[in-house]
Protein chains: 2
Amino acid sequence: MVKRTSFERDDCPIARSLDAIGDWWSILIIREAFFGVSRFSEFQKKLGLAKNILTVRLRALVDQGILKTAPASDGSAYQEYLLTPKGRGVFPILVALRQWSEEFDAHPEEIATILVDKEKGRPVRKLELYSQDGRLLGAGDTTLKPRLAGKQSKRAYS
Amino acid sequence: MVKRTSFERDDCPIARSLDAIGDWWSILIIREAFFGVSRFSEFQKKLGLAKNILTVRLRALVDQGILKTAPASDGSAYQEYLLTPKGRGVFPILVALRQWSEEFDAHPEEIATILVDKEKGRPVRKLELYSQDGRLLGAGDTTLKPRLAGKQSKRAYS
DNA sequence: GCAATCTAGTTTAATCATGCAACCATCGGA
DNA sequence: TCCGATGGTTGCATGATTAAACTAGATTGC
């Protein structure tokens, strides 16, 4: 990924997430895993990325505990890559990315799929952020506080 | 960004979002913009990225309608970079990234800040996804449908 | 049981984006 | 007019990405 200042030691959680899954392929691999893709060759066929890159990405995702390898499942001797709880936790990020594109993309008519709830088959609502007492929050209604008590941060999501 | 198969023509909205903001710096630039950062030199100081890269990224973000340039505001002759509605629409993505890190990071004690609601100063809840009739949905409760009517997609967020 | 094919990689070479540093033009203040 | 800050641009070295060739073991077909 080109010599990058790793954000691993950054104290911003956004930067830390990006450090883990902030490249194109990692997120798309996780997306495919949600679709049920689990084998090396399947990932490669669906995503069309170079196999060496896939090798590196899969290994990194396993190292980070986002995917785990299981010895088999369909009887074949090959291993498969499955989402861990941490990997499944990426779901809201995928939904957020999807909804942003649905709302703001310049050519929404080219988007092929809609996320619907399985039971009723109807589109889901937008992701919603609530305060602990149940108020719906927008960007302007939130601010950042240092984790360890102390004084209010000046940095606010305006 | 290294000769990349551009996802611009991909029909998956996640891929399309990644194509727009799927690199490390773009998202961090948007994060800073939410913090109120608006000038070239501020972005450069806070993020510590090379100025040429910042130039390219800012231009790309402006081209995509995520940032817009305004001639001034504090009287100086320099321009400033402001979030457009499309840019402010990235907020849920930032929150999702933040919450994923908060929940799954191997060293959460290194995270410096907490997102709180401005009014009460208390941490926000997790992002929630609801069906149109108000049921809280997890990854397993959703599936994908082709946008243009027709038959159910086999690809489900399992 | 043998050959063909599939799987999951590794290796290699060419390419091209990235990051860094140095340079440059403009603006504002003294 | 000089000086520092601002907002870039240019050039080069690094190294990430890719396609393609190669490999070794597993599986399937016959």
Side-chain angles (χ1 to χ4, degrees), chain A residues 1-10 15 18-29 32-33 36-64 67-82, chain B residues 1-10 15 18-29 32-33 36-64 67-82:
Chain A
M1 317 172 185
V2 179
K3 191 178 57 188
R4 273 191 46 238
T5 38
S6 164
F7 299 124
E8 205 182 336
R9 292 275 136 206
D10 200 296
L18 291 179
D19 203 65
I21 54 170
D23 67 292
W24 311 279
W25 292 127
S26 295
I27 292 191
L28 294 177
I29 288 169
E32 293 300 327
V37 170
S38 66
R39 309 241 320 226
F40 186 95
S41 57
E42 278 185 293
F43 284 114
Q44 208 241 321
K45 243 171 283 178
K46 300 242 178 175
L47 295 174
L49 82 172
K51 293 197 289 179
N52 54 348
I53 302 297
L54 179 57
T55 300
V56 173
R57 286 294 183 282
L58 285 174
R59 215 181 325 264
L61 289 171
V62 169
D63 286 350
Q64 291 175 31
L67 295 179
K68 62 173 179 256
T69 54
S73 97
D74 62 345
S76 78
Y78 306 115
Q79 63 184 351
E80 51 184 20
Y81 297 89
L82 298 173
Chain B
M1 315 174 184
V2 180
K3 189 179 60 185
R4 270 192 49 237
T5 37
S6 164
F7 299 125
E8 204 183 337
R9 291 276 138 206
D10 200 296
L18 291 179
D19 203 64
I21 55 171
D23 68 294
W24 310 279
W25 292 126
S26 295
I27 292 191
L28 294 176
I29 288 170
E32 294 300 326
V37 170
S38 65
R39 310 246 315 229
F40 186 94
S41 59
E42 278 184 294
F43 284 114
Q44 208 240 320
K45 244 172 283 178
K46 301 242 176 174
L47 295 175
L49 83 173
K51 294 197 288 180
N52 54 346
I53 303 295
L54 180 57
T55 300
V56 172
R57 287 294 182 283
L58 285 174
R59 211 180 330 264
L61 289 171
V62 169
D63 287 349
Q64 290 174 28
L67 295 178
K68 63 173 179 255
T69 53
S73 97
D74 62 344
S76 79
Y78 305 116
Q79 61 187 351
E80 52 184 18
Y81 296 89
L82 299 173

Q: Check whether any side-chain nitrogen or oxygen of W25(B) sits under 4.0 Å from OP1 or OP2 of dG19(C), and answer yes or no.
A: yes
Q) Can you check whether Q79(B) has a side-chain N or O nearer than 4.0 Å to OP1 or OP2 of dT6(D)? A) no
Q) Can you name the closest pair of heavy atoms from S38(B) and L82(B) and give their distance? A) CB-CD2, 4.2 Å
Q. Please give, in whole Å, the distance from dC27(C) P to E80(B) CD?
A. 17 Å
Q) Rounded to whole angstroms, how far apart are CG on L47(B) and C1' on dG7(D)? A) 16 Å
(Q) Rounding to an integer number of Å, can you tell me how far E42(A) CD sits from dG9(C) P? (A) 14 Å
Q.
Rounded to whole Å, how long is the line connecting atom CG of L67(A) with atom P of dA8(C)?
A. 14 Å
Q) Reckon S41(B) has a side-chain N or O less than 4.0 Å from the OP1 or OP2 of dA5(D)? A) no
Q. Between dG7(D) and R39(B), is there an OP1 or OP2 to side-chain N/O distance shorter than 4.0 Å?
A. yes
Q | Any residue meeting side-chain contact (heavy atoms from CB on, under 4.5 Å) with V62(A), in chain and number order, not counting sequence neighbours | A | L67(A), T69(A), Y81(A)
Q) Are any non-hydrogen side-chain atoms of T55(B) and R59(B) less than 4.5 angstrom apart? A) yes
**Q.** Closest non-hydrogen atom pair between I27(B) and I21(B), with its separation
**A.** CG1-O, 3.1 Å
Q) Taking the side chain of I53(B) as heavy atoms from C-beta outward, which of dG9(C), dG19(C), dT7(C) is closest to it? A) dG19(C)
Check nucleotides 24-26 of chain C for protein N or O atoms closer than 3.5 Å to its own N or O atoms and list the pairs.
none

(Q) Taking any heavy-atom pair under 4.0 Å as a contact, classify Q44(A): base, sugar-phosphate, or nothing. (A) nothing
**Q.** Spacing between K46(A) atom NZ and dT7(C) atom P, to the nearest angstrom
**A.** 13 Å
Q: Could you grab the distance from atom CG of L49(B) to atom CZ of F43(B), nearest 0.5 Å is fine?
A: 10.5 Å
Q: Look at the side chain of N52(A) and the base of dT17(D), then say whether one donor and one acceptor between them are separated by less than 3.5 Å.
A: no
Q. Can you check the L28(B) CG to dG19(C) P distance for me, whole Å?
A. 12 Å
Q: Decide yes or no on side-chain contact (heavy atoms from CB on, under 4.5 Å) for W24(A) and D23(B), but give the supporting numbers first.
A: CA-CA 7 Å; W24(A) 311 279; D23(B) 68 294; 4.1 Å; yes
Q. L54(B) has an atom CG; how far is it from atom C1' of dA21(C), in whole Å?
A. 16 Å
Q: Mind checking T55(B) for me? I need base, sugar-phosphate or nothing, with any heavy atom below 4.0 Å counting as a touch.
A: base
**Q.** From dT7(C), dT18(D), dG8(D), nucleotide with atom closest to K45(A) side chain
**A.** dT7(C)
**Q.** Euclidean distance, atom CG of residue D23(A) to atom C1' of dG15(D) [Å, nearest integer]
**A.** 15 Å
**Q.** Atom of K51(B), atom of F40(B) and distance for their closest heavy-atom approach
**A.** O-CZ, 3.7 Å
Q: Ignoring the backbone of R57(A), work out which of dG7(D), dT17(D), dT9(D) is nearest its side chain.
A: dT17(D)
Q. Under 4.0 Å between a side-chain N/O of Y81(B) and OP1 or OP2 of dT6(D), yes or no?
A. no
Q | Nearest non-hydrogen partners of E80(B) and R39(B), listed with the distance | A | CB-CD, 4.5 Å
Q. To the side chain of R59(A), which of dG8(D), dG9(C), dG19(C) is closest?
A. dG9(C)
